[in-house]
Trainee: 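Let me begin by handing over the structure; questions about it come next.
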Amino acid sequence: MEKFTVTQLERISELGGSQALADREFETIQERDSVFRNEEKKLVQQCRGRIKELLADKHMTDSVSVGRTLESWLIGEDFTKVITPTIITRDMLAKMTIDEFHHLSEQVFWLDKKRCLRPMLAPNLYVVMRELHRITNEPVKIFEIGSCFRKESQGAQHMNEFTMLNCVELAAVPDGQQLDEMKRLAHAAMKALGVPEDAYELVTEESTVYGSTVDIEINGLEVASGSYGPHFLDSQWGVFDTWVGIGFGIERLTMALAGSKTIKKFGRSITFIDGQPLHI
Ligand code: ATP
Ligand code: MG
């Protein structure tokens with residue numbers, strides 16, 4: 001029995017072919033290659049169709065619309081969108097205790113001795129929410145959506161540059177209600193995206209160092225992580241009230257919703273657009 005070659009399998013995966021197709025077996029190499037040529041032609045047609053549809057009707061990739069849907073939901077919940085720099089300082093990172101002993105520290109892209117590309121949105125959001133609260137003395141609800149950068153060992157679920165949406169509310173719930181509020185936000189986010197309740201899971205993890213964290217998982221894939229305070233990091237930032245925050249991975253969400261196994265099709269790219277390869 002003959003199976004598709006590695007190169008043929010890569011092409012089938014790039015073109016979004018099914019697992020059933022990838023698993024097919026053949027009597028002869030000739031038969032295999034002829035089936036491959038036929039199937040490739042069909043898949044290319046489909047990809048071309050989807051790209052045409054994107055340009056003619058959709059005008060927005062699924063990743064963009066996942067981000068926009070979450071933004072609209074948050075604005076409906078009275079959150080305000082903020083935009084902060086992608087380049088942060090070593091001092092900011094150190095306040096997250098991402099020093100040389102932290103696992104993330106090896107993943108940081110350094111620009112020079114004092115500056116790096118942010119691996120997360122939290123440091124900037126800590127500062128902005130603290131200042132807004134100081135000025136208003138009211139609860140503060142803000143979010144940011146933007147690129148984060150991490151050196152990753154390049155699995156199918158990680159990219160060096162990805163889009164995070166981080167929402168956080170400060171002094172918005174009484175102490176003791178943070179976990180409930182975080183779960184409420186997580187459920188509301190999934191509802192906004194039209195993810196049915198049986199299609200995702202909230203996985204709570206207790207950690208003596210970090211307190212409780214809640215991950216949202218779709219088919220076992222982590223698409224978001226939430227945490228809350230008072231938190232041991234807070235005093236570093238001059239934050240003393242309760243807070244609740246969730247960070248969503250936009251491409252992870254898009255990939256999970258598309259039932260895809262490869263994140264790169266949904267990220268910033270010059271080889272894919274909206275899940276479709278440009279190499280067709
Ligand atoms: P993982 O354990 O999957 O590497 P993480 O727990 O380190 O993720 P968080 O710091 O919790 O990631 O970031 C919040 C969300 O951002 C994650 O739930 C995930 O959806 C997304 N994310 C994190 N790292 C990446 C990456 N390298 N590429 C794409 N998305 C990412
Ligand atoms: Mg996480």
Side-chain angles (χ1 to χ4, degrees), residues 61-64 66-67 69-71 74 84 86 88 92-93 95-99 101-109 116-126 142-168 179 182-183 185-187 189-190 192-193 195 199-207 209-229 231 233 243-269 271-272 275:
T61 67
D62 288 348
S63 296
V64 170
V66 162
T69 300
L70 290 176
E71 290 192 43
L74 284 166
T84 69
T86 312
I88 64 172
M92 291 281 280
L93 206 57
K95 282 195 190 175
M96 294 303 295
T97 65
I98 300 177
D99 53 22
F101 306 109
H102 194 284
H103 74 277
L104 256 180
S105 75
E106 274 149 39
Q107 297 188 289
V108 175
F109 284 100
C116 65
L117 297 174
R118 63 184 179 194
M120 48 170 56
L121 303 173
N124 291 349
L125 293 182
Y126 254 123
I142 55 172
F143 72 91
E144 174 159 13
I145 178 167
S147 280
C148 290
F149 303 82
R150 295 180 190 178
K151 289 182 189 167
E152 301 277 2
S153 39
Q154 294 299 334
Q157 294 156 10
H158 291 88
M159 295 181 293
N160 284 334
E161 177 175 6
F162 62 98
T163 314
M164 178 109 80
L165 188 158
N166 204 158
C167 60
V168 64
L179 187 57
M182 188 159 64
K183 289 181 180 167
L185 287 172
H187 287 301
M190 292 300 105
L193 289 169
V195 185
Y200 69 91
E201 254 187 314
L202 299 192
V203 181
T204 310
E205 271 167 43
E206 307 291 336
S207 147
V209 186
Y210 292 102
S212 301
T213 61
V214 172
D215 283 356
I216 308 179
E217 293 184 1
I218 296 180
N219 294 323
L221 175 69
E222 176 187 327
V223 295
S225 269
S227 51
Y228 63 80
H231 191 282
L233 286 175
W243 61 266
V244 177
I246 305 185
F248 299 87
I250 297 299
E251 295 90 356
R252 282 273 183 91
L253 269 167
T254 310
M255 145 192 193
L257 296 178
S260 172
K261 289 199 185 89
T262 39
I263 196 168
K264 286 173 191 65
K265 293 183 179 183
F266 303 98
R268 288 174 180 260
S269 179
T271 49
F272 286 98

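Here the structure is a predicted model, which means the values were calculated and not measured. Ligands are counted one by one from 1 in listed order, and the atoms in each one are counted from 1 as well.
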Trainee: List every atom of ligand 1 that sits less than 4.0 Å from any heavy atom of Gly247, numbering the atoms from 1 in the order shown and giving each element.
Mentor: 14 (C), 15 (C)
Trainee: Under 4.0 Å from a heavy atom of Ile263: which atoms of ligand 1 are those, numbered in the order shown and with their elements?
Mentor: 29 (C)
Trainee: Of all the atoms in ligand 1, which lie at a distance below 4.0 Å from a heavy atom belonging to Val223?
Mentor: 18 (O), 20 (O)
Trainee: Look at atom 26 (C) of ligand 1 and say which protein heavy atom is nearest, naming residue and atom and giving the distance to 0.1 Å.
Mentor: Phe162 CD2, 3.4 Å
Trainee: Near Ser225, which atoms of ligand 1 are under 4.0 Å from a heavy atom of that residue?
Mentor: 11 (O), 18 (O)
Trainee: In the protein, what heavy atom is nearest to atom 3 (O) of ligand 1, and what distance, to one decimal place, separates them?
Mentor: Arg252 NH2, 2.9 Å
Trainee: For atom 28 (N) of ligand 1, what's the nearest protein heavy atom and its distance?
Mentor: Met159 N, 3.0 Å
Trainee: Can you tell me which residue and heavy atom of the protein come closest to atom 1 (P) of ligand 1, and the distance to 0.1 Å?
Mentor: His158 NE2, 3.6 Å
Trainee: Let me know which of Thr163, Thr254, Leu257 forms a side-chain contact (heavy atoms from CB on, under 4.5 Å) with Phe266.
Mentor: Thr254
Trainee: Would you say the Mg ion (ligand 2) has Ser225 as a near neighbour, meaning an N/O/S atom of that residue under 2.8 Å away?
Mentor: yes
Trainee: Taking side chain as C-beta onward, heavy atoms only, is Leu253 less than 4.5 Å from Met190?
Mentor: yes
Trainee: Tell me, do Glu222 and Val203 make a side-chain contact under 4.5 Å, heavy atoms counted?
Mentor: no
Trainee: Under 4.0 Å from any heavy atom of Glu152, which atoms of ligand 1 are there?
Mentor: 24 (N), 26 (C), 27 (N)
Trainee: Distance under 4.0 Å to a non-hydrogen atom of Ala224: what atoms of ligand 1 satisfy this?
Mentor: 18 (O)
Trainee: Mind checking what makes ring-ring contact (aromatic ring centres under 6.0 Å, His included) contact with Phe149, not counting sequence neighbours?
Mentor: none
Trainee: Can you give me the closest heavy-atom contact between Ile263 and Gln157, atom names plus distance?
Mentor: CD1-O, 3.6 Å
Trainee: Which atom, counting only N, O or S, brings Glu222 closest to the Mg ion (ligand 2)?
Mentor: OE2
Trainee: For atom 21 (C) of ligand 1, find the nearest protein heavy atom and state the residue, atom name and distance (0.1 Å precision).
Mentor: Gly249 CA, 3.6 Å
Trainee: Counting from 1, what ligand 1 atoms have a heavy atom of Met164 closer than 4.0 Å?
Mentor: 13 (O), 14 (C), 15 (C), 16 (O)
Trainee: Of the protein's non-hydrogen atoms, which lies at the shortest distance from atom 7 (O) of ligand 1, and what is that distance?
Mentor: Arg150 NH1, 3.1 Å
Trainee: Note the single closest protein heavy atom to atom 2 (O) of ligand 1, along with its residue, its atom name and the distance in Å.
Mentor: Glu222 OE1, 3.7 Å
